[in-house]
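Written below as structure tokens is the structure these notes are about.
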Amino acid sequence: MSEHEDTAGLEDHRLTAVRLAKVEAIRAAGGDPYPPNFGPNATAAGIAEAHGDLADGEESGVEVVVAGRLMGLRHVGKLAFGVLQDGSGRIQLFSVATRLGSRFDDFTDLDLGDLVGARGEVIKTKRGELSVRVDEFTLLAKALRPLPEKWHGLQDVEKRYRQRYLDLIVNEDARAILGARSTTIAALRDSFERRGFIEVETPVLQPIASGAMAKPFETHHNALDTDMYLRIAVELYLKRLIIGGVDRVFEIARTFRNEGVSPRHNPEFTMLESYQAYADYYDVMDLIEGVIGEVALAVCATTDLTYQGRPMPLGGPWPRLGYVDAAAAATGIDWDLGMPPADARKAASGLGLEIDDAWGVGKIVAEVFEEHVEPTLWEPTIVMDFPVEISPLARRHRDDPHKAERFEVIAAGRELANAFSELNDPVDQRRRFEAQLEARAAGDDEAHPMDEDFLRALEHGMPPTGGLGIGVDRLVMLLTDQASIREVILFPAMRPES
RNA sequence: GGGCCGGUAGCUCAAUCAGGCAGAGCAGCGGGCUUUUAACCCGAAGGUUGUGGGUUCGAUUCCCACCCGGCCUACCA
């Protein structure tokens, strides 16, 4: 195959044809437009830190070798000013025809987007721009396609998601969010590890989609000839590890749910789940408040954030509301999980909610809560003591059999974290699964499936345990002030092109 | 899934309301300039107006269908 057959039409477009021709010219002159390596010894940020205090027109006497992408090029007679962008920032390449000789024309012939290496002394120009005064430069990789507009960047949302590399090249915000996400993950890991939690990895492919109530992605394992599901949670696997004696365990788990796509939902997302033996949900409240505070400090250097124009104080302790009490306060109806379901249904219908006849009081109150309470909670709030009916994996409340020792952290009107005193009574767990099977039979296709393998593990004895799940993407949204989950996921789910 | 909005040069945007030669800036090309900072000046280029139909003498513009995206909504974390 000749190297021309695979240019995919690039030679047909005037902008790319010019660049292809430059590649050919370089090769014809014995050069390599794609050399195998290069050895930079300085970064834009490092140079700024070391030499930022040079006076205008002053020379540092220090020679550096830098590498990056050419983002700007201003040709002024026998001078040329290039803008080199590397992973740390930008530095000007100051080229002087009298120093570069015949190579000066090659420098001005570079295209925006080319990857370039340069060697020269760090100086500050007369106009005060810190620069590398180029004595030698090398084309490190020819860019055949033009960059988006240098001032406005890439605005087209679809292109920004599909071609995230362009977004990262030209939009500083995109790079900042990527960095904040990385810092968030590192800070979460650090917070849990310092508390003695061990990080593990459990199956993504599971024979039963357990641990949450959601529609899974289905797939098939050919060699085992068995249907499998992409995990919707890691809960039951981490509890197996608690049973196995791993007393503090966590996983940063990519999780998959075959549900709608929205500014707050991506079919694959990241959840951190942790389990702590001998702890109850009160211990977990302290844990989540501590962890979120630490992460906010690591990422934002403060816990007093602004989210979408409104104050978002992440520092704990957070207010704690009773789940049923909050529903009552919001609607003026004296909800009681022990009330006759018909009464609850009537009251909820009076609020304009559509209630399925098969629902129990717990599910009805949950509907009321999600409609009338959750959207109104802006600052982080712990809502505790959920209906046991909608909490099949949580321990029954020590004082009220209708409730579970479960809480969620609500922030900006949506769930940020979900936690409970874990259910470790295997007989009760079996009954809860059976109740879920009944709900499934009644038409709830997100009811939790029976999991005999997990029950067998529970029957060996699980210590009292506090469990926690944190929506990592949503946490990053809060920390970076982003309204859409797609802004904090590098490659959000999209329909295939064409 | 439903509703609303959008898709024009490589990129950022005009023109669409009320049908009449589709324009500009950046990028690219040619030329000039020894201190630029979105450099500037001169010149010449660059278009299947998302796709396919329809109405019309004439469609980027009006109509229909479809594709892709955004927001809202539904499901959910």
Name all residues meeting the salt bridge (charged side-chain N to carboxylate O under 4.0 Å, His left out) criterion together with K403(A); count only those two or more places apart in sequence or in a different chain, and write none if there are none. D400(A)
Quick one: is G69(B) close enough that its OP1 or OP2 comes under 4.0 Å of any side-chain N or O from R162(A)? yes
Between M494(A) and R414(A), just flag the one whose closest nucleotide in RNA chain B comes earlier from the 5' side. M494(A)
Using a 3.5 Å distance criterion without hydrogens, assess whether the side chain of R345(A) forms a donor-acceptor pair with backbone atoms of D357(A). yes
What integer distance in Å separates L70(A):CG from G28(B):C1'? 14 Å
Does E268(A) offer a backbone N or O that forms a donor-acceptor pair with the side chain of N266(A) under 3.5 Å? yes
Which of C29(B), C75(B), U35(B) is nearest the side chain of E259(A)? It is C75(B)
Pair E235(A), Y237(A): side-chain N/O donor-acceptor within cut-off below 3.5 Å: no
Any strand, both distances under 3.5 Å, Watson-Crick or G-U wobble: G1(B) pairs with U73(B)
Taking D114(A) for the side chain and D111(A) for the main chain, is one N or O donor matched with an acceptor at less than 3.5 Å? yes
Distance check, C1' atoms only: C17(B) and G54(B), in whole angstrom units. 22 Å
So V76(A), base contact, sugar-phosphate only, or nothing? Heavy-atom distance under 4.0 Å. base
If we take the C1' atom in both A45(B) and C29(B), what is their distance in whole Å? 7 Å
By a strict heavy-atom criterion of less than 4.0 Å, which residues belonging to residues 375-389 of chain A are in contact with RNA chain B? none
Establish, yes or no, whether the cationic atom of R310(A) lies under 6.0 Å from the six-membered ring centre of W378(A) and within 45° of the ring axis. yes
Between G19(B) and U61(B), how far apart are the two P atoms, rounded to whole Å? 12 Å
Over 12 foreign heavy atoms within 6.0 Å of CD, E172(A): no
In whole Å, what separates the P atom of G46(B) from that of A9(B)? 15 Å
State which of U37(B), A77(B), G28(B) makes the closest approach to the side chain of E415(A). A77(B)
Is a donor on one side and an acceptor on the other found under 3.5 Å between the side chain of K124(A) and the backbone of G57(A)? no
Indicate yes or no: does R406(A) engage D385(A) in a salt bridge with an N to O separation below 4.0 Å. no
What is the nucleic acid contact for D444(A), judged by heavy atoms within less than 4.0 Å: base, sugar-phosphate only, or nothing? nothing
For nucleotides 4-12 of chain B, read 5' to 3', which letter fits each nucleotide if B means a protein heavy atom sits under 4.0 Å from the base, S means only the sugar-phosphate is that close, and - means neither? ------BBS
Identify whether any heavy atom of G260(A) sits under 4.0 Å from a base atom; if not, whether one sits that close to sugar-phosphate; answer base, sugar-phosphate or nothing. base
Work out how far the C1' atom of A77(B) is from that of C5(B), and round it to whole angstrom. 28 Å
What integer number of Å spans the P atoms of C4(B) and G47(B)? 36 Å
When you check the phosphate oxygens OP1 and OP2 of G69(B), does a side-chain N or O of R495(A) lie under 4.0 Å from one of them? yes
Donor-acceptor pair, side chain of T184(A) and main chain of A180(A), under 3.5 angstrom: yes
Euclidean distance, atom CZ of residue R264(A) to atom C1' of C71(B) [Å, nearest integer]: 10 Å
Taking the six-membered ring of F137(A) as reference, does the NZ or CZ atom of R103(A) fall below 6.0 Å from its centre and within a 45° cone about the axis? yes
Please work out which residues in residues 77-102 of chain A have a non-hydrogen atom less than 4.0 Å from an atom of RNA chain B and list them by number. G77(A), K78(A), L79(A), F81(A), Q92(A), F94(A), T98(A)
How far, in whole Å, is U12(B) from G6(B) if one measures between their C1' atoms? 16 Å
Sequence-distant partners of F433(A), ring-ring contact (aromatic ring centres under 6.0 Å, His included), two or more places apart: H448(A)
For G20(B) versus U60(B), give the span between their P atoms, rounded off to a whole number of Å. 10 Å
Pairing partner of C62(B) (Watson-Crick or G-U wobble, both distances under 3.5 Å): G54(B)
Report yes if a side-chain nitrogen or oxygen of K22(A) is closer than 4.0 Å to either non-bridging phosphate oxygen (OP1 or OP2) of C29(B); otherwise report no. yes
If you compare every side-chain N and O of R486(A) against the phosphate oxygens of G70(B) (OP1, OP2), does one of them come in below 4.0 Å? yes
Any-strand Watson-Crick or G-U partner of C26(B), both distances under 3.5 Å: G10(B)
Just to verify, what does E438(A) make a salt bridge (charged side-chain N to carboxylate O under 4.0 Å, His left out) with, not counting sequence neighbours? none
Between R231(A) and T255(A), do the side chains contain a donor N or O and an acceptor N or O under 3.5 Å apart? no
In whole angstroms, how far is the C1' atom of A77(B) from the CG atom of L272(A)? 14 Å
In the structure shown, which nucleotide is the Watson-Crick or G-U wobble counterpart of G47(B), with both distances under 3.5 Å? none
